[in-house]
Amino acid sequence: MTEICIAVAGNVVGKIAEYLVAPISLPFSYLWNYKSNVENLKKRVKMLEGRRDSVQHLVEAAGRNGRETLQHIKNWQEIVDQIIPQALEVINEDNPEQTNIQFCKRFSCPNLKNRYQLSKKAADKLKDVVVFEQEAAGFKEVSYTTIPEQTSLQPSKGHKAFESRKSILKGIIDALLDPNVNMVGIYGMGGVGKTTLAKEVASEAKEHKLFDKIVFVEVSESPDIKIIQGVIADNLGLHFNEESVPGRADRLCEQLKKEGKILLILDNIWGRINFEKVGIPFENNHKGLKLLLTTRSHDVLTNDMDSQHNFHVQTLNEPDAWSLFKSIAGTCTEQHDLQSIAPEVAKECGGIPVAIVAIARALKNKKIYEWKNALRELKNPSSKSFEGIVKEVYTSIKLSYDYLENKELKEIFLLCSRMGHTYNASIQELFRYGWGLGLFENCSTLEEALCYVYVSINKLKATSLLLEAPESEGFVESPVSERFAMHDVICDIAKSIANVLTVIDVAISQLRINGNTLRNCTSITLHNIDKLPKDLELVCPQLKLLYVKLKYSTFRIPDNFFTRMLGLQVLHLIEINLHPLPTSLSCLLNLQTLCLDQCKLGDIAVIGDLKKLEILSFYGSNINKLPEELCILTRLRLLDLSDCSKLSVIHPKVMSSFSKLEALYMGNTSIQWEVERPNIERSNISIDELKHLRYLTLLEIHIPNPKMSKGLLSTKLERYKIFVGDKWYQSSWRLHSKTSRVLKISLDTTKDGIISQLKGIEELELGEVLGVTNLLDALDRSCFPTLKHLNVKSSSQCSCIIESCDALPSLESLILSFLGNLEKICNSPLGANTFLRLRTVEVDRCPKLNNIFSSSTVMVLLQLEEIKVSECDNMKEIFAIGGQDDANNIEVVNEIKLSQLRIMKLWCLPQLKSLCYKVKTPSALQLPSKIISEDEIDIPSSLFNKKVVFPNLQTLDIHEMHVEKIWHNLHPKLSSSIQNLTELIVYDCGNLKELFSSSTGVTEEAREEDMRDTIILFPKLNRLEIENLEKLTTLWPGYYIEFPLLKELTIQECPELEAFIFDEKVRVPSLEEMQISNMDNLKMIWHNQLDGDSFHKLKSLEVDGCQKLLTVLPLNIRGRSLSLESLIVRSCGSLEGIFDLQGIISEERNSIAATQSRELCFSNLQELEVSECQSLKYLFAASNVANDDYSPKVLFPKLTSMELSRLPELRSFHPGRQKVDGPVLIRLELCDCGIHDTDEGQMQMQQLLFFAEQAFPCLDELKLAGENVMMIWQGQNLQSSIQDSEGSSSHHLEI
């Protein structure tokens, strides 16, 4: 026990000694090891510095190789950069002054305290240095491979997001986000901005993190698979060890499959890309991979790449083009001497971004003469001009030309540029030129050549070298499918390639033609010129094609004009006086195509000398006879006599002598057909002559007597336009046909077998058919498998169009008009194929027709796009569901959905109140005795209701209807029929109280609660017109309503509309044009509170006939009117002012800077007209102006036209004495404006209509009328001002 206690005591004492001795010995160790601690620190710091430098060298080398430093290396470097200076600071303290105590010069002793402290610091810092030095020894890598951001994805300098392309951008992104879409295409002509748009897509996708990776690859016209693989691999951080293309493809495909969502942009492709060969997994192999392709050819997308979601990028509109031009050219475009010429230069760029950028950059900060020279070159381009500022454009378009697939296609492209008006050119004319020039060597017939031309035009359109022709209004010679357009810039480049001379709309006196140019020229086009240039009488030995259209048809061609054009093969003269024909015409022995269209002709016998003629056209000319001399033209293949309305005689046997004739156009002539009789000599042509033309495959003719057609009409006709009967007017020929096989018959001709004689009728018009009730069943239905368009009119006995099913499998349009007894369109349920392709239905003046479609019909109308119904007095509904026709329909009808319907026009239908109002369940149909509940009947409270869904409706046009509501409910959940609406027109609907109905069947409390959160959105509405709505009390439903794209608004003749039109709940941020007229009780247009984004883009405002309106532009709209370009105010009897100054003057009075310059600027206003406002005293109204000094100066920097007329109370521009400034005013009219006397000597001041320091410097036209009118410029009287104007720029003065 004692031993145990001693042992324990010993351990305790030892432990106590250890704790006591260790703290005492540690400080002594710092003193003992002072030198070694400092030396060790020095040694280790040097080692750490070496490690630091080595790491830095590795980091710098890695950076030069595009590698990124690892984060823990960065952290190590940052700490080491702090530790080393701290250690050196400790080391530097080891000096005699710090470590010793100096008693005299020769004697010192150690400073134990300092040495202790320094040794301790060195020992502590040494630990840190050793740790980081050893850590560096373990570094294996200091960097990692990075994937640099593609510079090709960054927008180019000066890039602008174009307003007109935002919808395309959104469409592309929406398509890429569609899980069912893997590939999206962008196509358009060279330089139009496809690549820029693709980069915008990438930028949007990156900003909104739509994809994990975005890769952009420039493919080019000669794709290199290895380069494409390399670019994709670089952006994935992938390094190839394989050398072969297939090996790299496998590696790339494997890596791509490991990635998440990827957007791969393949830019500028020219043909098919083999994804498997490149190594791109597609569709089911990688659903996260989306492809965006850009190309010039639509065919590449649809045929080579099988892309079904493609977007066409067209040239920029004028506002976007001008905006881009200004952004590149800079502020020089605002210089006074360039303000007129710069927009012209921009316009000549044709909306092609690459041309705009190149030309704007070239002219930036250049002198005025350089701008003028550039404009001249752009208007009259030559091969030399394409070497200058537009070389980039030329190179781009020339590349598209070079890559056309064959020589023939290139020749047709160049020929397109020689047309008289390439903005709307005729394919038929192109075909006739090409045939005359011998371009179709591989085609033995006209039909083959014509088909080849159509194919070629489509190919050129697909490559964007040609464009679709514009839609024409009124009477046109041919449909859009028969025409094409060519961009001006592309046309100019084609002409430079082809070495042709084209002059359009130029006065010949200003034209200079080089003799060498004429000698080498192969084609000359003179369109719309005032006269023929004399130079053309020089030698033109190479000339093959000559086109001439003069402005004045009275001008005559000189007799010897064609003497030195002996090689001419194609001659086209339009609207020229050729009476008589020039004798030199007979010299053109090589001529193969001669077109004398709309010319004044007399004797044409000389044409018989042109024995090589194969195409001869007198279209629209005034010839009255084809003479016997033309019998010699035995090689003739095409004869066009269309619209020769005075042509009544064709010499017998002339037509039969044209034994090779393949195409004959005789529409709208006055031929007096004779009947062939034995032994009787005829003086005119007979139908029998045409029957012997065995090669005839194209025929346009009017046969007045059906019996004449026997033996003429046959299945060998490939193209035809045949009118049979005597009820067809001349205007019928001018209405273009939609197809190439047209038959129009009238009277009781249905039993003559005419229809069965023809092959593949595509367009059939039946007029005044007698004795038929069920129309198509009375005809041979086997003739209609190809019928696309059916028009039935003025057949009074017809009660049904189709009796049986499966009659019209190809029908695309159905037009029914003036059918007084028509009761049904179809008398039985339709077959599965009937109306399957129907796109358009028009019904007009069918008074007994109750409805258009039954439910069985609606179910097959999958392609229906347009419905027009007008003046059907008994029309109660468009869709009759649940009627007798549907008694056997076992399907429950919940809704009518026409997914493709785009246009609906309903005019003058007094009985129609709802599109569909009798919807029943099958049980109600089968049990007549059953009492039908309200749930089974849709009461006709509105035109649209929950049972009718048209998700793609774009145009809704309603005229003279008695509807009380248009929509049953516009709650967002029920607004599918308005989501794509772009145009809404409502006229003469006297019972309509609300245009946009609010929800019905809810309490006021619920409605108010709902209004706080509900927004009705018309996302695409562009145009809104309402007129003559007698009971309309409000436009908007009380909810918040938005029209983000509305640009045009017209409101007329709504007498019950008294309050403001706009308030804070109505949002119209894109509104550009607004017309408000004949609103007798309207007191305010704008409420005091307005939506913040609305009206900033308003350019045109017209207010007419608003008798109670007090102010047009109040204070709260003033700041939004900066875009206003045109302001017209008429017939507003109570108007006190156009503009409200009251708030502005109040602001000035409260402003510290009131004594400084005050200006009110309408920066874009160009036209101002105010008339017939009987109460108007000042244009700028301010009722309580006490001090004129507060009124602002009014600036109109762009105003060019001002008209003030019939304003009997007008006193001044505004009540103040400040100036009105119009520096570019050109036209000023002041008529019948009363300037009245006032008291207290104010008469002189109030007679001053304008206060300006000098006469308007640009005034060109001045008109003053009325007894009281007086115009005085400050410091000048009327006469001197007029003299100043006349002496400077005024050209028209009327007093």
Side-chain angles (χ1 to χ4, degrees), residues 601 604-605 616-631 633 636 638-714 716-717 719-734 737 741-758 765-769:
L601 296 168
I604 59 173
L616 177 60
S617 172
F618 296 106
Y619 168 78
S621 294
N622 69 334
I623 57 171
N624 53 37
K625 180 181 179 180
L626 286 188
E628 183 179 6
E629 287 80 358
L630 298 187
C631 290
L633 303 178
L636 204 62
L638 183 151
L639 177 62
D640 191 349
L641 304 173
S642 301
D643 279 337
C644 294
S645 57
K646 295 184 179 181
L647 179 62
S648 58
V649 177
I650 298 178
H651 192 278
K653 299 184 180 179
V654 166
M655 196 66 70
S656 58
S657 67
F658 303 150
S659 58
K660 294 184 178 181
L661 200 66
E662 299 177 39
L664 176 60
Y665 301 84
M666 299 185 70
N668 194 25
T669 60
S670 300
I671 301 295
Q672 302 298 314
W673 299 97
E674 293 189 7
V675 178
E676 189 81 37
R677 291 185 177 90
N679 302 321
I680 297 178
E681 186 175 351
R682 290 179 290 105
S683 61
N684 209 340
I685 188 173
S686 74
I687 288 286
D688 290 338
E689 288 190 54
L690 306 183
K691 297 175 183 179
H692 300 294
L693 301 176
R694 58 177 180 160
Y695 296 110
L696 197 65
T697 58
L698 189 155
L699 177 63
E700 291 191 2
I701 191 172
H702 179 197
I703 305 173
N705 190 337
K707 295 180 180 179
M708 292 182 178
S709 65
K710 188 175 181 181
L712 174 63
L713 308 182
S714 68
K716 70 179 182 181
L717 291 176
R719 303 171 189 270
Y720 50 82
K721 186 175 182 180
I722 299 171
F723 289 12
V724 181
D726 59 358
K727 297 295 184 181
W728 300 105
Y729 298 100
Q730 291 183 352
S731 60
S732 300
W733 285 98
R734 292 186 174 274
S737 301
R741 296 176 179 177
V742 182
L743 175 63
K744 299 188 179 186
I745 58 178
S746 64
L747 298 177
D748 189 11
T749 58
T750 58
K751 298 178 181 179
D752 294 317
I754 294 177
I755 293 176
S756 60
Q757 295 178 42
L758 295 170
E765 184 171 330
L766 303 172
E768 299 190 17
V769 179

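At most 12 heavy atoms of other shown residues, nucleotides or ligands fall within 6.0 angstrom of atom CD in E628.
N684 places a side-chain N or O within donor-acceptor distance of the main-chain N or O of S648, the cut-off being under 3.5 Å. In this structure, the side chain of D643 does not engage the main chain of Y619 through any donor-acceptor pair within 3.5 Å. Under the 3.5 Å distance criterion, the side-chain polar atoms of S670 are matched with a main-chain donor or acceptor of S645. Within the 3.5 Å criterion, the main-chain N or O of G725 finds a donor-acceptor partner in the side chain of H702.
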Problem set entry | Candidate pair L626 and I685, rule side-chain contact (heavy atoms from CB on, under 4.5 Å), full reasoning | CA-CA 10 Å; L626 286 188; I685 188 173; over 6 Å; no
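Of the inter-residue distances, the one linking N668 atom CG with F723 atom CZ reads 9.5 Å to the nearest 0.5 angstrom. Note that the NZ atom of K625 and the CD1 atom of I650 stand 11.5 Å from one another [nearest 0.5 Å]. Between L601 atom CG and L647 atom CG the span is 11.0 Å, to the nearest 0.5 Å.
Listed here is the closest heavy atom pair of W673 and S686: CE3-C, 3.8 Å. The two residues C644 and G620 make their nearest non-hydrogen contact at SG-N, 4.1 Å. What you find for V649 and I671 is that their closest heavy atoms are N-CD1, 4.4 Å. Smallest separation of non-hydrogen atoms from I604 and L630: O-CD2, 4.0 Å. For the pair M655 and L690, the tightest heavy-atom approach, listed with the atom from each and the gap, is CG-CD2, 3.3 Å.
Under the rule for a salt bridge (charged side-chain N to carboxylate O under 4.0 Å, His left out), the partners of R682 that lie at least two apart in sequence or sit in another chain are E676, E689. Take D688 and apply the side-chain hydrogen bond (donor to acceptor under 3.5 Å, both in side chains) test, not counting sequence neighbours, and it matches K691. Legend: residues meeting side chain to side chain contact (heavy atoms under 4.5 Å, CB included) with N624, ordered by chain and number and at least two apart, are absent.
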Under 3.5 Å donor-acceptor pairs involving side-chain atoms of residues 656-663, not counting sequence neighbours:
from, atom 1, to, atom 2, distance (Å)
S656, OG, K653, O, 3.1
S657, OG, V654, O, 2.5
E662, OE1, L446, N, 2.8
E662, OE2, R637, NH1, 2.5

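Between E700 and K721 there is no salt bridge, since none of the side-chain N atoms of the basic residue sits less than 4.0 Å from a carboxylate O of the acidic one.
The side-chain contact (heavy atoms from CB on, under 4.5 Å) test with L664 singles out one residue from T697, I701, L699, and that residue is L699.
Within the 4.5 Å cutoff, no side-chain heavy atoms of L639 are placed close to those of L633. Side-chain contact check for I722 versus L717: some heavy-atom pair is nearer than 4.5 Å.
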